[in-house]
Amino acid sequence: SWAGDQRFVFVHKVSWPDTVLVLDLSDGSQHLLVPEFPGIAPINSPTAARPNWDGWFNVMYDPTLTRAVYPRLVGPSADIKTYALWDTTTNETLATFEDIFTSPLDFDDIYPTPFWSPDGSHFVFRGVVPAVEPSEDWAFELYQVGRDGEVKQLTHLTPAVYPGEDVLSWSPDGRYIVFYLDRGGYTERQTHVAMLDTQTL
């Protein structure tokens, strides 16, 4: 994948951690990005399934490669997944997102893809907030997260309609996003295409 106009990145070693090689075309330099982040599931964990986000495996870097989003384990027993935002220049966690995304670790197929905006100023993904009471529905909404972790809810949908988790496309100017909108359950599921204006919502 390209990171801006002058850098090309690709998976260097498919193991743990999944290192990424960055080739800088402006000066011919290269360096590795090693995703050794706190709270990430170890490779020997029996429930350590990790996503393969658009070939980036379990980390989504912004176009400048100074921010990274990854699944992080939290909770007293480290059995709850959320997402964390990491600063690759200072090697520190900027934010975690338990308020807008949590999933039990054994639900290994729930990893909504984060999609960075074209300018890298924020990313959008489908939040998943489990129901507190058995009679309540889980809440699925689109959220926008800034480079320092500030959160903005973009959609306010009903439980009967929810955004898809793995397909989203930004307009070149970063104002509009197109995504799938699902209605109904798995047996009677209907999928539509929706476009959202991120300024007017």
Side-chain angles (χ1 to χ4, degrees), residues 1 3-4 9 16-20 22 33-42 45 47-54 56-105 107-132 138-157 162-166 168 170 174-175 177 179 196 198-199 201:
S1 181
V9 299
W16 183 249
D18 302 312
T19 57
V20 174
V22 181
L33 293 175
V34 183
E36 294 179 329
F37 307 132
I40 200 164
S45 170
T47 54
R50 293 182 299 276
N52 182 7
W53 288 328
D54 195 26
W56 286 86
F57 293 89
N58 57 308
V59 180
M60 287 296 281
Y61 293 94
D62 78 313
T64 68
L65 304 179
T66 60
R67 296 290 188 273
V69 185
Y70 72 96
R72 181 170 180 166
L73 304 185
V74 295
S77 303
D79 58 353
I80 299 295
K81 293 181 302 192
T82 187
Y83 288 167
L85 180 63
W86 181 261
D87 187 328
T88 63
T89 61
T90 61
N91 290 326
E92 64 178 334
T93 301
L94 299 176
T96 60
F97 304 106
E98 293 92 330
D99 290 342
I100 58 174
F101 175 76
T102 58
S103 176
L105 184 58
F107 287 15
D108 58 9
D109 60 338
I110 299 180
Y111 282 107
T113 305
F115 294 90
W116 283 98
S117 61
D119 64 357
S121 62
H122 46 263
F123 66 90
V124 168
F125 77 107
R126 187 186 78 175
V128 181
V129 180
V132 177
W138 286 31
F140 299 92
E141 302 287 355
L142 288 182
Y143 292 91
Q144 175 180 293
V145 180
R147 292 181 59 79
D148 296 322
E150 60 277 14
V151 174
K152 177 182 180 182
Q153 185 173 340
L154 297 181
T155 60
H156 295 81
L157 303 170
Y162 51 94
E165 65 179 85
D166 293 322
L168 183 148
W170 286 92
R175 175 169 178 173
I177 55 177
F179 60 99
L196 175 70
T198 61
Q199 292 183 14
L201 302 185

I177 and F115: CA distance, side-chain angles, deciding distance, side-chain contact (heavy atoms from CB on, under 4.5 Å) verdict: CA-CA 10 Å; I177 55 177; F115 294 90; over 6 Å; no
Knowing that exactly one of D148, D62, L94 qualifies, which makes a side-chain contact (heavy atoms from CB on, under 4.5 Å) with L85? L94
Rounded to the nearest 0.5 Å, the CG atom of D119 sits from the OG1 atom of T64 at a distance of 10.0 Å
Would you say L154 and E141 make side-chain contact, with heavy atoms under 4.5 Å? no
With a 3.5 Å distance limit and no angle check, can you tell me whether T155 reaches the backbone of L142 through a side-chain donor-acceptor pair? yes
List the atom of P112, the atom of F101, and the distance in Å for their closest heavy-atom pair. CD-CE1, 3.4 Å
Please step through side-chain contact (heavy atoms from CB on, under 4.5 Å) for the pair T113 and L168, ending with a clear verdict. CA-CA 9 Å; T113 305; L168 183 148; over 6 Å; no
Is the backbone N or O of T102 less than 3.5 Å from a side-chain atom of T82, with the two atoms forming a donor-acceptor pair by type? no
Student check: side-chain heavy atoms of R67 and V145 closer than 4.5 Å: no
Provide the closest heavy-atom pair for T198 versus R175 in the form atom of the first, atom of the second, distance. OG1-O, 2.6 Å
Within the side chain of Y162, is there an N or O that forms a donor-acceptor pair under 3.5 Å with the backbone of R126? no
Is the shortest side-chain heavy-atom distance between R72 and T93 below 4.5 Å? yes
Is there a side-chain contact between W86 and P38 (heavy atoms, below 4.5 Å)? yes
Any side-chain heavy atom of Y61 within less than 4.5 Å of one from P35? yes
Under the ring pair (Phe, Tyr, Trp, His ring centres under 6.0 Å) test against F125, which residue among Y111, Y83, F140, W116 passes? Y83
